[in-house]
Amino acid sequence: MDFDNSKPIYLQIVDFFYENILIKRWTDEERIPSVREVAMMVEVNPNTAIRAFNHLQDLGVIYNKRGIGYFVSSDGYTKVLDIKRKEFMEQMLPDVFKKLSLLDISFDELKNVYNQHNNEKK
């Protein structure tokens with residue numbers, strides 16, 4: 001995994017979890033890789049990985065079954081979707097709006113590009 005120096009590594013691991021949950025690689029109530037497996041997968045110290053697990057557990061995205069492992073919560077997908085939507089709306093969208101204004105791109109132009117992009121994905 002390539003890390004970005006502008007964000008703590010454990011939060012980048014959290015983002016890795018979010019992505020896997022949002023693309024449904026890991027579904028609600030499904031067992032996820034262990035701390036050691038994740039640490040090896042993304043090539044970090046297990047202490048860094050456990051920090052990510054603890055953060056996700058504090059948010060209620062995952063939970064631990066003692067002796068069995070970690071699992072995505074029954075509403076893990078919904079929680080991650082809410083977290084990432086809020087993050088997008090509060091952190092990324094204001095910059096997008098600023099750039100649209102600076103570049104004089106109308107909402108209709110943006111909507112047309114959006115619709116073209118969605119049609120290409122189908």
Side-chain angles (χ1 to χ4, degrees):
M1 187 169 172
D2 292 327
F3 294 108
D4 177 0
N5 290 333
S6 67
K7 189 174 188 179
I9 291 174
Y10 85 96
L11 290 177
Q12 292 177 63
I13 296 169
V14 168
D15 286 339
F16 170 74
F17 273 77
Y18 287 163
E19 183 176 325
N20 279 290
I21 291 169
L22 288 174
I23 64 172
K24 298 186 178 183
R25 181 173 290 142
W26 302 335
T27 59
D28 292 351
E29 295 300 327
E30 183 179 339
R31 187 177 181 282
I32 59 174
S34 70
V35 172
R36 284 194 180 117
E37 289 170 328
V38 168
M40 287 175 45
M41 209 182 312
V42 298
E43 299 175 350
V44 298
N45 184 303
N47 292 330
T48 303
I50 196 67
R51 192 166 177 201
F53 276 73
N54 288 337
H55 182 78
L56 289 161
Q57 213 169 346
D58 290 345
L59 294 172
V61 173
I62 64 171
Y63 66 95
N64 186 10
K65 285 186 183 178
R66 190 174 171 96
I68 299 174
Y70 286 89
F71 293 77
V72 177
S73 299
S74 61
D75 59 349
Y77 176 85
T78 303
K79 285 185 178 184
V80 170
L81 190 60
D82 290 345
I83 290 166
K84 294 305 284 182
R85 286 175 58 97
K86 182 178 181 197
E87 182 182 295
F88 177 77
M89 296 290 195
E90 292 176 358
Q91 295 174 15
M92 298 177 81
L93 205 50
D95 190 47
V96 170
F97 288 149
K98 180 181 176 183
K99 287 180 182 173
L100 288 172
S101 177
L102 287 170
L103 299 172
D104 196 26
I105 298 173
S106 71
F107 182 74
D108 287 334
E109 285 178 273
L110 183 63
K111 187 176 167 184
N112 288 336
V113 172
Y114 175 82
N115 288 335
Q116 285 176 340
H117 177 74
N118 275 348
N119 288 336
E120 289 172 5
K121 287 175 55 179
K122 292 178 183 179

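- Within the model, atoms CG of L93 and CD of E87 stand 12.5 Å from one another, a figure rounded to the nearest 0.5 Å.
- Atom CZ of F107 and atom CG of N112 lie 10.0 Å apart (nearest 0.5 Å).
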Run the side-chain donor-acceptor check on residues 14-22: report pairs under 3.5 Å with partners two or more places apart or on a different chain.
residue	atom	partner	partner atom	Å
D15	OD2	K7	NZ	2.3
N20	OD1	R25	NH1	2.6
N20	ND2	F16	O	2.8

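- Between the side chains of D4 and S6, at least one donor N or O lies within less than 3.5 Å of an accepting N or O.
- Expressed to the nearest 0.5 Å, how far CG of N64 lies from CZ of F71 amounts to 8.5 Å.
- Among all heavy-atom pairs drawn from Y63 and V72, the shortest one is CE2-O, 3.6 Å.
- In this structure, the separation between NZ on K98 and CG on L100 is 12.5 Å, given to the nearest 0.5 Å.
- A single hydrophobic cluster is not seen to contain both I68 and V35; linkage of ILVMFWY side chains at heavy-atom distances under 4.5 Å, directly or through other members, places them apart.
- Interatomic distance, W26 CH2 to Y77 OH, rounded to the nearest 0.5 Å: 15.5 Å.
- Note: the hydrophobic cluster containing Y114 does not contain V96 (ILVMFWY, side chain heavy atoms under 4.5 Å, direct or indirect links).
- Residues P94 and M89 share a closest heavy-atom pair of CD-O, 3.4 Å.
- Between the side chain of T27 and the backbone N or O of E30 there is no donor-acceptor pair closer than 3.5 Å.
- Few gaps surround CE on M41; more than 12 heavy atoms of other groups in view lie less than 6.0 Å from it.
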Output side-chain donor-acceptor pairs under 3.5 Å for residues 46-59, partner residues at least two apart or in another chain, one line each.
residue	atom	partner	partner atom	Å
N47	ND2	N45	OD1	3.4
N54	ND2	I50	O	3.3

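- Tracing side-chain contacts under 4.5 Å through hydrophobic residues (I, L, V, M, F, W, Y), one reaches M92 starting from L103; they form part of the same cluster.
- Contact check on D95 versus K99 returns a salt bridge, with a Lys/Arg side-chain nitrogen under 4.0 Å from an Asp/Glu carboxylate oxygen.
- The hydrophobic clustering, which links ILVMFWY residues whose side-chain heavy atoms are closer than 4.5 Å, places L11 and F88 apart.
- A continuous path of ILVMFWY side-chain contacts below 4.5 Å connects L110 to F97, so both sit in one hydrophobic cluster.
- By the 4.5 Å heavy-atom criterion applied to side chains, K79 and S73 are not counted as neighbours.
- Counting non-hydrogen atoms of other residues, nucleotides and ligands closer than 6.0 Å to CZ of R36 gives a total of 12 or fewer.
- Residue D104 qualifies as open at atom CG: its count of foreign heavy atoms under 6.0 Å is 12 or below.
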